[in-house]
Amino acid sequence: GNMIEFNEAAEKMGADTMRWLFAGAKPEQNLLFGYHRGDETRRRFLIPLWNVYSFFVTYANADGWVPDGTYLDHLSPVEGNAQLDRWIVARLDETTLNVRAALDEWDAERAVGNLELLLDDLSNWYVRRSRRRFWKSETDEDKQAAYATLYHVLVEFTKLLAPFIPFVTEAMYQNLVRSVREDVPSSVHHTFYPSLDESSLDHRLLDKMRLAIYAAALGRSARGTTGKLRQPLATAKVFVGTQQQRDDLLELADVLAEEINVKEIEIVSEVGELVSYRLMPNNRSLGPKLGSLFPAVRDALGALDPANAAAVLQAGGTLELVIDGQRISLGSDDVLVQTEPLGGLAVAGEKGVTVAVDPHLTSELIREGYVRDLVRGINDMRKKAGLDISDRIELGYVADGEVAATFEAFAEFINAETLTVNLV
């Protein structure tokens, strides 16, 4: 159907912004309110929600896609994308259970927190990682699966959100559901609230993707210390503590490589391959607490295996020491963990996961970085020319030497990323 314009939707967002702000507030604290807080709430949740909805409607209209109510029959034939589809549906189901449990206890704040986490995963992982599936010209089974999955999640998400933001969700429901089917309730507020059996939840897949998302975030954080955010790099090494985690990340190595923007992912079993650790007692925390035992505790910390001790502390555990027959427990607030990256690596780590990125560049990597910048520039030109998202273009360039060689070597990549049908 025809999506209402954003300006019209913005009028509906006023009251919904108030409701979302109040529903997510901590009841034991004063609620600060004003235009700034309202704008912040709109930017944090309502506008990103509308952007995902708008993304779907724009592409569905361009392709003439209509739902047939059988999204589970449309799993992608592409293994990685099929897993991505199953995961976002599992995240929807997990959120449904969590929100129902919170509302059963009248805990609107917890419900809002869970709904915001789902939107973050939907927008910043599922839709972003699926963009090419919607962009591509051919309407194959993979593209059908992307449409069917995103449609299902949006419709059920709209129902979950309806009591909190009734006006925006009603506009979404009328367009997503009522415009294509007559045998449905006339309003989102006439539908049953979503529910499901907890035994159907795929915890293994949820844990696996949650770990990959976390490792990717650490990889981007490590890249941030190099100043090379967009430049493709050669290698990222990832340490995780258990064999199950290593197996999970190996299965998602291609995803991690793309997210961290490196050519290769290496999963390591020893964090000592990436960093060296030094344990120091936190004088401010331990000095007053330990008194005369402080020097002995400092010496005992120095005698521990620093890598193992750091892994325990980063995972939220405690170090157990016995000093003069007295048992002392030290947590992450009591011990300062100093890290030193090895071999010029850029490193970020937390909660038992460490990611190290090699910042050294080769001529091939520099050339690929140039092509990425080139593609961004061409797509900016597409927007400024007022082209539709599905319009194909002809692209001409004048260049010689290294630049011309780069165009020729990456012609297929440039064509795919800019919807170019003729590069001359």
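Numbering of residues begins at 1 and proceeds along the displayed sequence. Predicted model, so just to flag it, every value in this text is computed and none were measured.
- One finds a salt bridge joining R376 and D373 here, because a Lys/Arg side-chain nitrogen approaches an Asp/Glu carboxylate oxygen to under 4.0 Å.
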Worked verdict on V375 versus T418 for side-chain contact (heavy atoms from CB on, under 4.5 Å)
CA-CA 7 Å; V375 164; T418 62; 4.1 Å; yes
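- Residue-environment remark: CD (E40) exceeds the threshold of 12 foreign heavy atoms within 6.0 Å.
- At most 12 non-hydrogen atoms from other residues, nucleotides or ligands lie less than 6.0 angstrom from CD of E412.
- Although no hydrogens or angles enter the test, the distance criterion places a donor-acceptor pair under 3.5 Å between the side chain of T95 and the main chain of R91.
- Remark: the backbone N or O of P166 is paired with a side-chain donor or acceptor of T169 at under 3.5 angstrom.
- Here the side chain of R382 pairs a donor or acceptor atom with the backbone of D391 at under 3.5 angstrom.
- E170 CD to D16 CG: the interatomic distance, rounded to the nearest 0.5 Å, is 11.0 Å.
- V238 places none of its side-chain heavy atoms less than 4.5 Å from the side chain of T354.
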Please walk me through it: do L201 and H203 pass side-chain contact (heavy atoms from CB on, under 4.5 Å)?
CA-CA 6 Å; L201 205 58; H203 291 283; 3.6 Å; yes
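- Side-chain atoms of S76 and D142 form a donor-acceptor pair, as typed in the model, at a separation below 3.5 Å.
- Note: D120 CG to R44 CZ = 11.5 Å, rounded to the nearest 0.5 Å.
- Note that the CG atom of L49 and the CZ atom of F157 stand 6.0 Å from one another [nearest 0.5 Å].
- With sequence neighbours excluded, the residues satisfying side-chain hydrogen bond (donor to acceptor under 3.5 Å, both in side chains) with S130 are R133.
- Judged by the 6.0 Å and 45° rule, R132 forms no cation-pi pair with W135.
- In this structure the side chain of E350 reaches within 4.5 angstrom of the side chain of Y214, judged on heavy atoms.
- No option in D121, D202, T149 other than D121 meets the side chain to side chain contact (heavy atoms under 4.5 Å, CB included) test with W87.
- A salt bridge links K208 with E251: the closest approach of a Lys/Arg side-chain nitrogen to an acidic carboxylate oxygen falls below 4.0 angstrom.
- Side-chain contact between L374 and F410 is absent, with no heavy atoms from C-beta onward closer than 4.5 Å.
- With values rounded to the nearest 0.5 angstrom, I393 atom CD1 is found 6.5 Å from I378 atom CD1.
- In this structure, R230 contributes its side chain and G369 its backbone to no donor-acceptor pair below 3.5 Å.
- Salt bridge annotation for E340-R278: absent, with no cationic side-chain nitrogen under 4.0 angstrom from a carboxylate oxygen.
- The closest side-chain heavy-atom distance from L97 to L196 is below 4.5 Å.
- Remark: side-chain polar atoms of N175 are not paired, donor with acceptor, to backbone N or O of A171 under 3.5 angstrom.
- Pairing each heavy atom of L279 with each of A309, the nearest pair is CD1-CB, 3.4 Å.
- Ring planes of F56 and Y151: tilted class, angle from 30 to 60°.
- Judged as a salt bridge (Lys or Arg N to Asp or Glu O under 4.0 Å), and not counting sequence neighbours, D305 has no contacts.
- Aromatic ring pairs are classed by plane angle as parallel below 30°, tilted from 30° to 60° and perpendicular above 60°; the pair F55 and Y59 is tilted.
- Shown here is R131, whose CZ atom has more than 12 heavy atoms of other residues, nucleotides or ligands within 6.0 Å.
- Remark: the E259 side chain and the W125 side chain contain no N/O donor-acceptor pair separated by less than 3.5 Å.
- For the ring pair (Phe, Tyr, Trp, His ring centres under 6.0 Å) with F407, the lone residue among F413, Y397, Y370 that qualifies is Y397.
- For S54 (side chain) and W50 (main-chain N/O), no donor-acceptor pair under 3.5 Å exists by modelled atom type.
- Counting heavy atoms from C-beta on, the side chains of V89 and D85 never come closer than 4.5 Å.
- The CD atom of E320 sits 8.0 Å away from the CG atom of L330 when rounded to the nearest 0.5 Å.
- Looking at Q231 and L365, their side chains come closer than 4.5 Å, going by heavy atoms from C-beta outward.
- Between Y193 and L160 the shortest side-chain heavy-atom distance falls below 4.5 Å.
- The 12-atom threshold is not exceeded at CG of N30, counting heavy atoms of other residues, nucleotides or ligands nearer than 6.0 Å.
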Begin from the C-alpha positions of Y173 and T191 and carry the test side-chain contact (heavy atoms from CB on, under 4.5 Å) through to its verdict.
CA-CA 10 Å; Y173 177 84; T191 63; 3.8 Å; yes
side-chain contact (heavy atoms from CB on, under 4.5 Å) between V99 and L118, intermediate numbers included
CA-CA 11 Å; V99 169; L118 176 59; over 6 Å; no
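- At least one donor-acceptor pair closer than 3.5 Å links the side chain of R19 to the backbone N or O of P163.
- Defined by atom type and a distance below 3.5 Å, a donor-acceptor pair is missing between the side-chain atoms of Q83 and E79.
- Nearest heavy-atom pair across G331 and T318 is CA-CG2, 4.3 Å.
- Residues K143 and D63 are in side-chain contact: their nearest non-hydrogen atoms beyond the backbone lie under 4.5 Å apart.
- In this structure, R128 places its CZ atom where more than 12 heavy-atom neighbours from other residues, nucleotides or ligands lie under 6.0 Å away.
- In this structure, CG on L301 lies 5.5 Å from CG on L321, to the nearest 0.5 angstrom.
- A222 and V347 make their closest contact through CB-C, 4.0 Å (heavy atoms, listed as atom of the first residue, atom of the second, distance).
- Nearest heavy atoms, L336 versus P281: CD1-O, 4.5 Å.
- Other residues, nucleotides and ligands contribute over 12 non-hydrogen atoms within 6.0 Å of the CG atom of D388.
- Using a 4.0 Å cut-off between a side-chain N of Lys or Arg and a carboxylate O of Asp or Glu, E364 and K263 do not qualify as a salt bridge.
- In terms of modelled atom types and a separation under 3.5 Å, the side chain of N379 and the main chain of E417 share a donor-acceptor contact.
- The two residues A215 and L256 have their closest heavy-atom pair at CB-CD2, 4.0 Å.
- In this structure, the side chain of R223 engages the main chain of N261 through a donor-acceptor pair within 3.5 Å.
- A salt bridge links R204 with D248: at least one charged nitrogen is closer than 4.0 Å to a carboxylate oxygen.
- No more than 12 heavy-atom neighbours from other residues, nucleotides or ligands sit within 6.0 angstrom of CE on M381.
- The two residues R246 and V268 make their nearest non-hydrogen contact at CD-O, 3.9 Å.
- Taking the six-membered ring where tryptophan is involved, the planes of W20 and F45 are essentially parallel, since the angle between them stays under 30° and well short of 60°.
- Using a distance-only test at 3.5 Å, with no hydrogens or angles considered, a donor-acceptor pair links the side chain of Q245 to the main chain of G241.
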